[in-house]
Amino acid sequence: MKGEQWASIQDLNIAASPQLAKIDDNLALTVGFKLKGGIRRNFVRPLWEKAYDEHDLGLRMAYRVDLSRRRAKVLPGAELKREKFVRRGVFFWTRNPELPYRVWATVATEFETILYPKTEEEAQTMLFDVTRSFELPASRLGKGHHTLEAKVHAKWGKHVFTERGETTAKTPTLKIDVR
């Protein structure tokens, strides 16, 4: 994959409920994104087997979501929340009669849940599609019109099927009124 970027963040969005809030309300914010590119395309069963044979037993994805309030162009944004989390794709020798393959992957989420995907696409979705929810008191923003955005960061190490890399992206802005 010479010259190609290993991954990019796509389908990035931010939503809030309610967008017109009272000062004593809690805002529910949701940030969603998908990691696409070579890292996702190479997270497939034949390469899991190759990695397993070379004692490369998994892929660790480190994610960070920074939620911030946008200010005037001269001033940097005020960070409201920062959340770091890790997801792991772990390769193992399977004896599952439903799977005709010798090596398969599980996905360990940031909630300490181990997921067993039935297909490669399902494993890719579990590892590379992210939706994060935040709760923020409207009083933290204060009364008035506010513009929020989220910055997303993904990072991974070198493996049999990928080079080491990282990527970042910003969501479109979201306007919120607090009264």
Side-chain angles (χ1 to χ4, degrees), residues 1-17 28-70 77 79-92 94 99 101 103-136 147-174:
M1 294 193 76
K2 281 194 172 171
E4 183 182 343
Q5 185 180 359
W6 275 99
S8 65
I9 295 172
Q10 297 178 5
D11 300 333
L12 190 59
N13 60 57
I14 184 170
S17 175
L29 300 157
T30 305
V31 177
F33 62 93
K34 295 179 181 182
L35 196 62
K36 299 207 174 173
I39 192 163
R40 188 180 191 118
R41 275 193 310 277
N42 286 354
F43 195 72
V44 291
R45 190 197 50 78
L47 292 174
W48 299 344
E49 283 195 22
K50 185 176 180 187
Y52 186 86
D53 291 342
E54 294 184 26
H55 307 288
D56 184 356
L57 302 179
L59 171 65
R60 179 182 182 271
M61 295 297 305
Y63 294 105
R64 186 179 76 224
V65 178
D66 299 324
L67 188 63
S68 61
R69 176 175 46 203
R70 219 161 128 194
E79 188 173 288
L80 297 170
K81 285 219 177 202
R82 170 177 277 194
E83 192 170 304
K84 294 180 181 180
F85 56 98
V86 172
R87 289 188 181 173
R88 286 185 165 81
V90 180
F91 311 131
F92 68 98
T94 181
L99 298 171
Y101 314 111
V103 174
W104 198 248
T106 61
V107 176
T109 68
E110 61 275 16
F111 306 113
E112 298 179 8
T113 306
I114 296 176
L115 306 172
Y116 294 93
K118 296 285 185 205
T119 64
E120 290 175 5
E121 294 79 22
E122 192 177 0
Q124 291 169 354
T125 299
M126 291 173 178
L127 194 59
F128 302 120
D129 295 0
V130 178
T131 302
R132 301 304 291 176
S133 297
F134 299 91
E135 194 167 297
L136 187 70
T147 305
L148 304 181
E149 66 183 1
K151 186 175 183 184
V152 176
H153 182 91
K155 188 175 182 179
W156 60 93
K158 182 177 180 350
H159 292 275
V160 169
F161 49 88
T162 183
E163 292 298 319
R164 176 184 190 161
E166 60 184 282
T167 185
T168 59
K170 278 187 181 179
T171 62
T173 59
L174 173 70

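- Taking every heavy atom of both residues into account, A105 and F91 meet most closely at CB-CD2, 3.9 Å.
- Side-chain atoms of W48 never come within 3.5 Å of backbone atoms of G58 as a donor-acceptor pair (strictly under, hydrogens ignored).
- E83 is not listed as a side-chain neighbour of K81, based on a closest heavy-atom distance of 4.5 Å or more.
- In this structure the side chain of N42 never reaches within 4.5 angstrom of the side chain of H159, judged on heavy atoms.
- Going from atom OG1 of T109 over to atom CG of L127 covers 10.5 Å, rounded to the nearest 0.5 Å.
- Between R132 and L67, the closest side-chain pair of non-hydrogen atoms is not below 4.5 Å.
- Between V107 and A123, the shortest heavy-atom contact is CG2-O, 4.0 Å.
- Between V90 and I114, every side-chain heavy-atom pair lies at or beyond the 4.5 Å cut-off.
- Using a 4.5 Å cut-off on side-chain heavy atoms (C-beta onward), L136 and F134 make no contact.
- Between V31 and N13, every side-chain heavy-atom pair lies at or beyond the 4.5 Å cut-off.
- Across W156, F128, F85, a single residue satisfies ring-ring contact (aromatic ring centres under 6.0 Å, His included) together with Y63, and that is F85.
- One finds a salt bridge joining D129 and R40 here, because a Lys/Arg side-chain nitrogen approaches an Asp/Glu carboxylate oxygen to under 4.0 Å.
- Between I39 and A7, the shortest heavy-atom distance links the atoms CG2-CB, 3.6 Å.
- With rounding to the nearest 0.5 Å, the separation of CD in E166 from OG1 in T168 is 7.5 Å.
- Under the 4.5 Å side-chain criterion, counting only non-hydrogen atoms from C-beta, L174 is in contact with L29.
- E120 places no side-chain N or O within 3.5 Å of a backbone atom of V44 that could act as its donor or acceptor partner.
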Check against side-chain contact (heavy atoms from CB on, under 4.5 Å), F92 and V103: CA-CA 6 Å; F92 68 98; V103 174; over 6 Å; no
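- Interatomic distance, K155 NZ to R164 CZ, rounded to the nearest 0.5 Å: 6.0 Å.
- Of all heavy-atom pairs spanning E122 and T119, the tightest one is N-OG1, 3.1 Å.
- Between the CD atom of E135 and the OG1 atom of T30 there is a distance of 10.5 Å, given to the nearest 0.5 Å.
- Taking the six-membered ring where the residue is Trp, F161 and F43 present perpendicular rings, their angle passing 60° and hence far from 30°.
- To the nearest 0.5 Å, atom NE2 of residue H153 and atom CD1 of residue I9 are 8.5 Å apart.
- Contact record, V86 with R60: CG2-NH2, 3.4 Å, taken as the closest heavy-atom pair.
- The closest side-chain donor-acceptor pair between Q10 and S8 falls under 3.5 angstrom.
- Between atom NZ of residue K34 and atom CG of residue L12 there is a gap of 12.0 Å, rounded to the nearest 0.5 Å.
- Heavy-atom minimum distance, V65 versus A150: CG1-CB, 4.4 Å.
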